[in-house]
Protein chains: 2
Amino acid sequence: MNILHLIKVQRDQLSKAEAKVADEILAAPEEAMNMATAELASRAGVSDPMVSRFCRSVSCNSFPELKVQLAKALAHRASFISEAVSKGDTAHTVIEKRINSNQAALEYLRSHLDTQSIDAAVKAMSGARQIIIAGMGGAAAIAKDAQHKLFRLGIPTVAYDDHLMMRMAAAGASSKDCFLIFSVTGRTNAMIEIAELAKQSQVTLITITNPDSPLAKLADITITSGDELEDTTIYVPMTTRIIILTIIDIIATALALAQGPAAEAQLTKVKHSLDTTKRKASAERKTSKNSKP
Amino acid sequence: MNILHLIKVQRDQLSKAEAKVADEILAAPEEAMNMATAELASRAGVSDPMVSRFCRSVSCNSFPELKVQLAKALAHRASFISEAVSKGDTAHTVIEKRINSNQAALEYLRSHLDTQSIDAAVKAMSGARQIIIAGMGGAAAIAKDAQHKLFRLGIPTVAYDDHLMMRMAAAGASSKDCFLIFSVTGRTNAMIEIAELAKQSQVTLITITNPDSPLAKLADITITSGDELEDTTIYVPMTTRIIILTIIDIIATALALAQGPAAEAQLTKVKHSLDTTKRKASAERKTSKNSKP
DNA sequence: GTGTTAATGTTATTTAATTACAAGATAACA
DNA sequence: TGTTATCTTGTAATTAAATAACATTAACAC
């Protein structure tokens, strides 16, 4: 856990004066990093040694060490604020801003992804007879991607983006199956309908969606899609995509580990199946070099 | 530019004693960060003030400031090394490791993404009559995702994952169109064939692929897919996915900016078209609360 | 060889951070 | 309600760290 989170979490268990220091740092961590104890102390309205004591309370050995921890934490977080693109931006600026946003999104995921949900999802999927994935609209590509990643592990997996196919699949599923629904907002009527059908089939229902949504309420296991994070400006509807993809990545990786050697062998087999569709690297290079002069 | 790069670059222009300090820091930056001037000085075999002077030479006002800079630089770099998952990992460890890897991948992208290629791609796509996207296998989901993102901007866009459809589209394309090919390795024979067909149609060919591949050689504009980064261990075939997705994000964002108010209006229109498919947030909450007692 | 400049080390000073201690506040219990 | 114990905070003192000032040495030019 990074130092800013730690401070935030411990904030209420600190003494009054220490809490003042915590607030001062949380209010302007970037600035706090470049202050001396004396300055930070006076800003927080406490005595110098309080700052030292505060450092100890948040498990740093000294104030300079706290500064280093802050720097580490801020290196990731730096971009959370006001990284929305604007009209005059050059390509270079857009690149920087979007990469920053996406890194920040991952940082958010680090502190908000629930380990237990992941564990539960992996356990359910690991023992499933088949995994059925559903996603519409923007989530259709995600569903397809998840299917591509999971079937490689040797678990029968299908992905649907068609509402009628989803209905049939949901109705026909058994209690031995896992039904995986991707929906960023969790408010699409069509998807909620599918979830209700799936529940009637006694299937284990896992949703990657907004945890406050009606869809989430129907699920056995819910993992946050980061919808609450999404910037509402029309330019930036991308953050959740990265979050969901990383969640798939995490689940697939954990699943592969849970499956053990079997999955490993399966992955190798699937990988090698593509060998004959590829052009060889060395042969190609030689040809193109020789053909020029 | 981060402080480690700076030190590396300036290393040879420093005086003999300062160079010793530089070497000591570069050899073990993580440790150097936790040392006092005196210790670093003795390790480097120089006097204490040399360390202070060294800090000035690399544009830091003090040694503590250098430490902060080092912390910032290392925060990103830290995760590159040995973050591959292994058998005993808990869910929590997998989460941390995969997030670290993905953040590191974005960091890599920041320094390796070519601004000019992005600019060129945006310019070409901005003026295109239509955009045709092709991707097979793992790239099929990516292609679909890109289509979903680009058509919202008001540019006619289609995505294909079927080889025969791609052939027809490539053969039928005109010089006013953009043909976008996603292929991580750039060695899939089927995709190379499509690229050759597309070139014959005089279309502007943009590839997101390994820049050293045969596919890249055929393209008018190439953007790296990060294939060279991909961990060859079978557990981790995910990094490129994040990179490519972020590239799409960047291009779409830049494109939206380039289109100006027209794109903005279009985005709003498309967004509102979904309104009637969604369940209202407030209404739902009330219902579910009241229905319980 | 001597003067000049740049580079480094030694010593001194300043600054910053923490320890030690004392005073005050707060809570617990008689 | 008073008394004691504990916990919190500030003041003063100490220590440690970093830099400035100065001295020395080394390198080079003339």
Side-chain angles (χ1 to χ4, degrees), chain A residues 3-4 6-74, chain B residues 3 6-7 9-74:
Chain A
I3 192 73
L4 282 170
L6 194 74
I7 295 176
K8 222 173 273 176
V9 169
Q10 299 212 330
R11 161 69 175 75
D12 292 331
Q13 288 156 34
L14 297 171
S15 72
K16 221 192 303 176
E18 283 179 317
K20 282 187 197 169
V21 179
D23 292 342
E24 194 60 35
I25 291 174
L26 289 174
E30 193 78 41
E31 291 175 48
M33 215 173 56
N34 300 313
M35 286 181 199
T37 22
E39 189 175 356
L40 182 59
S42 86
R43 287 211 193 188
V46 298
S47 66
D48 296 15
M50 267 339 284
V51 174
S52 272
R53 290 185 192 119
F54 168 81
C55 296
R56 295 284 161 79
S57 298
V58 294
S59 51
C60 288
N61 290 321
S62 68
F63 184 58
E65 194 184 313
L66 182 87
K67 282 183 182 175
V68 167
Q69 293 294 333
L70 274 176
K72 280 186 193 170
L74 287 169
Chain B
I3 192 74
L6 194 73
I7 294 177
V9 169
Q10 298 211 331
R11 161 68 176 77
D12 293 333
Q13 288 156 35
L14 297 171
S15 73
K16 223 192 299 176
E18 282 179 318
K20 282 186 194 171
V21 179
D23 293 341
E24 194 60 34
I25 291 175
L26 290 174
E30 193 78 40
E31 293 175 46
M33 216 173 54
N34 300 313
M35 288 181 199
T37 24
E39 189 175 355
L40 182 61
S42 85
R43 286 212 193 190
V46 298
S47 65
D48 295 16
M50 266 340 284
V51 175
S52 271
R53 290 184 192 124
F54 168 81
C55 295
R56 296 283 162 78
S57 299
V58 295
S59 51
C60 288
N61 289 322
S62 67
F63 184 57
E65 195 185 311
L66 181 86
K67 281 183 181 174
V68 168
Q69 293 294 335
L70 273 176
K72 280 185 193 168
L74 286 169

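A, B, ... follow the sequence lines: proteins, then strands. Residue 1 opens every chain.
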* Ignoring backbone atoms, establish whether A/R56 has a side-chain N or O less than 4.0 Å from OP1 or OP2 of C/dT19. => yes
* **Interatomic spacing from NZ in B/K67 to CD1 in B/I25 - rounded to 0.5 Å** => 10.5 Å
* **B/R53 CZ to D/dT19 P, straight-line distance once rounded to whole Å** => 11 Å
* How long is the line joining NZ of A/K20 and C1' of D/dG10, in whole Å? -> 12 Å
* Pair A/S15, A/E18: side-chain N/O donor-acceptor within cut-off below 3.5 Å -> yes
* Nearest-angstrom distance from the residue atom CZ of B/F54 to C1' of D/dT19 -> 16 Å
* Hey, could you give me the CG/OG distance between A/L66 and A/S59, rounded to the nearest 0.5 Å? => 9.5 Å
* Asked: Who passes salt bridge (charged side-chain N to carboxylate O under 4.0 Å, His left out) against A/R53, sequence neighbours left out?
  -> none
* Are B/E24 and B/K20 ion-paired here, with the side-chain N under 4.0 Å from a carboxylate O? -> no
* The side chain of A/K67 lies closest to which of these nucleotides: D/dA17, D/dG10, C/dA17? -> C/dA17
* Nucleotide nearest A/P64 (side chain, heavy atoms from C-beta), chosen from C/dT8, C/dA17, D/dT19 -> C/dA17
* Structure fact -> With sequence neighbours left out, the residues meeting side-chain hydrogen bond (donor to acceptor under 3.5 Å, both in side chains) with A/S42 are none
* Report the distance from atom CD of B/E65 to atom C1' of C/dA16, rounded to the nearest whole Å. => 16 Å
* Rounded interatomic separation in angstrom, taking CD from B/E18 and C1' from C/dG9 -> 14 Å
* Between B/K16 and B/N61, who's closer to the 5' end of DNA chain D by nearest nucleotide? -> B/N61
* Asked: Listed in order of residue number, which residues of residues 37-51 of chain A have a non-hydrogen atom at under 4.0 Å from DNA chain D?
  -> A/V46, A/S47, A/P49, A/M50
